[in-house]
Enquirer: 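Below you'll find the structure I mean.
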Amino acid sequence: MQGVERRYDAGGVECVGYYAAGDSAAKVGILLLHEAPGLGPHMRRRADLLAGLGYHAFAADLHGGGQLVQTPAEARVLVGALKADPDLLMARVEGGLRALTEASRLDVEDIAVAGYCFGGWCGLEFARTGVPVRNVSVFHGGLTSERGAAALKTSVLVCVGDADPFSPMDQIRGFQEEMSSAGVDYQLCLFGGVGHGFTDPDIHGAGPGFGYSAKADAGSWSAFVTALGQTPTA
């Protein structure tokens, strides 16, 4: 199953997302949030896979204009601009959520959020604002935040490797303590010897600490599908 580009407005710019419609009777949608470089083939593949399972999936464009950069330096500039303006960042995520609810005709409560790397941190930040999404899943994304966990209204799944330089073990332990103290329903899938970006087969060569892991990819995907909590047509 293959999706289509879908243009929408978010945070003052035209964004170019990717929508893969699932079963016409599906009652669950998934908002996908991309890695630092932008919306690329990896997120499109994930959207198509989810649509094949029956879910309505929408990969948002957080940078706007369909930007997909090729170097880490370019990605740092784009990410830095969004992190420097938290309201703009949340507007971009909210715009993607709105585009998915409009395309799928589902309510916010029927939408799960799944983010990868930078997008994983964005999804968790979005959930920390109190938006009542179905759940949020973070794949090898950052876990620290100044927002706290008091407003979290949904369950959280985190899939991360213990050799990820962007999510060191002290950060992971701090996240566990934060979630437990706030009474958040969370699940942590920790993969030994696995680095950053382990879900993307094209990640090799990205730099030290990065690496694809077929085992961790399959294990995290299984945990994610289970965390969705119901079949798409139930």
Side-chain angles (χ1 to χ4, degrees), residues 27-35 46 50 55 57-58 60 62 79 82-83 86-87 89-94 96-98 100-101 106-192 194 196 198-199 216-217 219-232 234:
K27 292 183 172 59
V28 177
I30 295 97
L31 175 66
L32 295 168
L33 303 177
H34 59 70
E35 307 93 332
R46 295 290 171 180
L50 288 165
Y55 299 99
F58 184 75
L62 299 177
V79 168
L82 288 174
K83 285 191 171 183
D87 290 339
L89 175 57
M90 292 298 97
R92 294 280 172 82
V93 179
E94 186 175 359
L97 178 65
R98 185 170 57 252
L100 175 53
T101 58
L106 294 173
D107 295 328
V108 170
E109 291 80 3
D110 300 318
I111 305 297
V113 178
Y116 292 73
C117 301
F118 170 61
W121 179 80
C122 293
L124 189 54
E125 283 289 283
F126 191 51
R128 290 177 187 273
T129 68
V131 61
V133 292
R134 183 179 185 83
N135 54 48
V136 60
S137 297
V138 180
F139 297 88
H140 41 80
L143 304 174
T144 59
S145 175
E146 296 180 359
R147 295 181 186 272
L152 264 168
K153 297 178 181 178
T154 189
S155 60
V156 178
L157 167 68
V158 170
C159 299
V160 63
D162 70 353
D164 187 335
F166 298 98
S167 299
M169 287 304 301
D170 60 344
Q171 183 182 127
I172 294 171
R173 285 190 289 269
F175 170 78
Q176 290 179 278
E177 293 172 3
E178 179 189 26
M179 295 297 109
S180 295
S181 296
V184 175
D185 177 12
Y186 82 98
Q187 179 183 359
L188 174 66
C189 295
L190 184 63
F191 298 97
V194 173
H196 191 66
F198 63 80
T199 60
D217 184 13
S220 61
W221 184 256
S222 177
F224 168 54
V225 173
T226 299
L228 291 176
Q230 69 173 57
T231 57

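We use all heavy atoms of the structure for the numbers below, so side chains are in, but hydrogens, waters and symmetry mates are not.
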Enquirer: How long is the straight-line distance from CZ of F175 back to OG of S180, given to the nearest 0.5 Å?
Expert: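 It comes to 9.0 Å.
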Enquirer: Please give me the minimum heavy-atom distance between M169 and L190, naming the atom from each residue.
Expert: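 Distance-wise, the nearest heavy atoms are CE-CD2, 3.9 Å.
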Enquirer: Looking at every heavy atom in both G142 and L124, which two are closest together, and how far apart are they?
Expert: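 Looking at all heavy atoms of both residues, the closest pair is O-CD2, 4.4 Å.
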Enquirer: Which atom names give the shortest non-hydrogen contact between F58 and G96, and what distance separates them?
Expert: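 F58 and G96 have their closest heavy atoms at CD2-O, 3.6 Å.
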Enquirer: To the nearest 0.5 Å, how far apart are NZ in K153 and CD in E109?
Expert: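 Output value for this atom pair is 9.5 Å.
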Enquirer: Could R46 and D217 be called an ion pair, given the rule that one side-chain N must be under 4.0 Å from one carboxylate O?
Expert: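 The answer is yes: the pair qualifies as a salt bridge.
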Enquirer: Does some side-chain heavy atom of L188 sit less than 4.5 Å from a side-chain heavy atom of I172?
Expert: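 The answer is yes, as the side chains (C-beta and beyond) meet within the 4.5 Å cut-off.
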Enquirer: Report yes or no: does S155 contribute a side-chain atom to a donor-acceptor pair with the main-chain N or O of V136 at less than 3.5 Å?
Expert: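 No: the side chain of S155 does not pair with the backbone of V136.
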Enquirer: Side chains of C189 and V158: closer than 4.5 Å at any heavy-atom pair?
Expert: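 No, every pair of side-chain atoms sits at 4.5 Å or beyond.
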Enquirer: List the atom of P165, the atom of H196, and the distance in Å for their closest heavy-atom pair.
Expert: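 Reported closest heavy-atom pair: CD-CB, 4.3 Å.
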Enquirer: How far apart are the C-alpha atoms of L143 and W121, what are their side-chain angles, what is the distance that settles it, and do they pass the side-chain contact (heavy atoms from CB on, under 4.5 Å) test?
Expert: CA-CA 6 Å; L143 304 174; W121 179 80; over 6 Å; no
Enquirer: Say you draw a straight line from CG of L100 to CD1 of I111; how long is it, rounded to the nearest 0.5 Å?
Expert: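 Separation between the atoms: 4.0 Å.
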Enquirer: With side chains defined as the heavy atoms from C-beta onward, is the minimum distance between E94 and F126 less than 4.5 Å?
Expert: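 Yes, at least one pair of side-chain atoms sits under 4.5 Å.
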Enquirer: Report yes if the side chains of V108 and L97 come closer than 4.5 Å at any heavy-atom pair, otherwise no.
Expert: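 They are in contact (side-chain heavy atoms under 4.5 Å apart), so the answer is yes.
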Enquirer: Contact between T154 and P132 at the side-chain level, heavy atoms closer than 4.5 Å - yes or no?
Expert: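 Side chain of T154 against side chain of P132, heavy atoms only: no contact under 4.5 Å found.
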Enquirer: Salt bridge or not for R128 and E178, using N-O below 4.0 Å?
Expert: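 Looking at R128 and E178, the cut-off is met.
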Enquirer: Looking at S220 and F198, what are the two nearest heavy atoms and their distance?
Expert: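 Minimum heavy-atom contact is OG-CE1, 3.6 Å.
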Enquirer: Identify the two heavy atoms, one from G219 and one from F191, that lie closest to each other, and give their separation to 0.1 Å.
Expert: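 Scanning both residues, the minimum pair turns out to be C-CZ, 4.1 Å.
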Enquirer: What distance do L89 atom CG and K83 atom NZ have between them, rounded to the nearest 0.5 Å?
Expert: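 L89 atom CG to K83 atom NZ measures 9.0 Å (nearest 0.5 Å).
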Enquirer: With a 3.5 Å distance limit and no angle check, can you tell me whether R134 reaches the backbone of A112 through a side-chain donor-acceptor pair?
Expert: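 Judged by distance alone, no pair lies under 3.5 Å.
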Enquirer: What's the verdict on side-chain hydrogen bond (donor to acceptor under 3.5 Å, both in side chains) for H140 and T199, showing C-alpha distance, side-chain angles and the deciding distance?
Expert: CA-CA 8 Å; H140 41 80; T199 60; 2.8 Å; yes
Enquirer: Rounded to the nearest 0.5 Å, what separates atom CE in M90 from atom CG in L82?
Expert: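 Taking CE in M90 and CG in L82, the distance rounds to 9.0 Å.
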Enquirer: With side-chain contact (heavy atoms from CB on, under 4.5 Å) as the test, would you mind laying out the steps for I30 and F224 before giving the verdict?
Expert: CA-CA 11 Å; I30 295 97; F224 168 54; 4.1 Å; yes
Enquirer: For the pair R147 and E125, find out whether any cationic side-chain nitrogen is under 4.0 Å from an anionic carboxylate oxygen.
Expert: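 A salt bridge links R147 with E125.
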Enquirer: In the structure I gave you, are the side-chain heavy atoms of D110 and T101 within less than 4.5 Å of one another anywhere?
Expert: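 A side-chain contact under 4.5 Å is absent here.
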Enquirer: Calculate, to the nearest 0.5 Å, the distance between atoms CG and OG1 belonging to L157 and T226 respectively.
Expert: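 Between atom CG of L157 and atom OG1 of T226 there are 9.5 Å.
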Enquirer: What's the verdict on side-chain contact (heavy atoms from CB on, under 4.5 Å) for C122 and L62, showing C-alpha distance, side-chain angles and the deciding distance?
Expert: CA-CA 9 Å; C122 293; L62 299 177; 4.0 Å; yes
Enquirer: With the side chain counted from C-beta on, respond yes when V156 and D185 share a heavy-atom pair under 4.5 Å apart, and no when they do not.
Expert: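 Not in contact.
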Enquirer: Are the side chains of Y116 and E35 in touch, meaning some heavy atoms are under 4.5 Å apart?
Expert: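 They are in side-chain contact.
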